[in-house]
Amino acid sequence: QKEVEQNSGPLSVPEGAIASLNCTYSDRGSQSFFWYRQYSGKSPELIMFIYSNGDKEDGRFTAQLNKASQYVSLLIRDSQPSDSATYLCAVRRGSTLGRLYFGRGTQLTVWP
Amino acid sequence: DAGVIQSPRHEVTEMGQEVTLRCKPISGHDYLFWYRQTMMRGLELLIYFNNNVPIDDSGMPEDRFSAKMPNASFSTLKIQPSEPRDSAVYFCASSSLGWGEDTQYFGPGTRLTVL
């Protein structure tokens, strides 16, 4: 079982729709959860992090964490073509300080 | 802060040549990570350091790869000899462990092509 698994995608949504990206992780002791966005040819950049169960909102982005289900998601409201990118989920395990475990990423396309 | 700095940004070399990639982490960060990204394998952790000491190098593909961190502001990843299958984008990232501060920040990457 992989440490972090994401929808393989690609995910395609129309402009203005809600894009939902999902991620599951295997280590129940995981403590920190991150969503990175990576544009083609660029490096990953942090969108959001979440540590506690529940929702965390930042503008059009909402991260949702459910530790009991070992599930974290990212919702993008009012999707824009500029949101088209690959989204990487990353998890920090409680037993491994510093290191993040990354999923393979989900490619999102927002069409006008 | 200038962020994580990597050089060179692009490297084209011939099989068998030595390649050295360089990284300057964000000042004050005590963790440094080297990743490799390909379409086939995604983002792979090669090695990471804490306070200049290698913590986990299990991701280094083989003995042709080596990494050093002689001080807190500089690290190198060396491939000797290089092979075409080493072609990838190599990212360096740094972070500082602490509650709310363990975000990894990535450099722009080095795109390596081995002919």
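Just so it is clear: chains get the letters A, B, ... in the order the sequence lines come, proteins before strands, and each one is counted from 1.
- Around the CD atom of Glu14(B), the shell of radius 6.0 Å holds no more than 12 heavy atoms that belong to other residues, nucleotides or ligands.
- Clustering ILVMFWY residues whenever any of their side-chain heavy atoms sit less than 4.5 angstrom apart, transitively, puts Val89(B) in a cluster other than the one holding Ile79(B).
- Rounding to the nearest 0.5 Å gives a distance of 10.0 Å between CG of Leu43(B) and CG of Leu100(A).
- Between Phe91(B) and Pro44(A), the closest side-chain pair of non-hydrogen atoms falls below 4.5 Å.
- Heavy atoms closer than 4.5 Å to chain A are found nowhere in Asp30(B), neither backbone nor side chain.
- Residues Val72(A) and Leu74(A) fall within the same hydrophobic cluster, defined by Ile, Leu, Val, Met, Phe, Trp and Tyr side chains chained together at heavy-atom separations under 4.5 Å.
- Phe34(A) CZ to Thr103(B) OG1: the interatomic distance, rounded to the nearest 0.5 Å, is 4.5 Å.
- Dense packing is recorded around CG of Asn71(B), with more than 12 heavy atoms of other residues, nucleotides or ligands lying under 6.0 Å away.
- In this structure, the portion of Arg41(B) lying under 4.5 Å from any heavy atom of chain A is its backbone and not its side chain.
- Counting non-hydrogen atoms of neighbouring residues, nucleotides and ligands closer than 6.0 angstrom, the CZ atom of Arg64(B) exceeds 12 such neighbours.
- Between Arg104(A) and Met39(B), the shortest heavy-atom distance links the atoms NH2-O, 3.2 Å.
- The hydrophobic clustering, which links ILVMFWY residues whose side-chain heavy atoms are closer than 4.5 Å, places Leu75(A) and Leu46(A) apart.
- Gln38(A) has its side chain within reach of Gln37(B): a pair of non-hydrogen atoms, C-beta onward, lies under 4.5 Å apart.
- The CG atom of Asn50(B) sits 14.0 Å away from atom CZ of Arg99(A), with the distance rounded to the nearest 0.5 Å.
- With values rounded to the nearest 0.5 angstrom, Tyr36(A) atom OH is found 5.5 Å from Phe106(B) atom CZ.
- When atom types are taken as modelled, the side chain of Ser43(A) and the backbone of Gly109(B) share no donor-acceptor pair closer than 3.5 angstrom.
- The hydrophobic cluster containing Met60(B) does not contain Tyr101(A), counting ILVMFWY residues as joined when their side-chain heavy atoms lie under 4.5 angstrom apart, directly or transitively.
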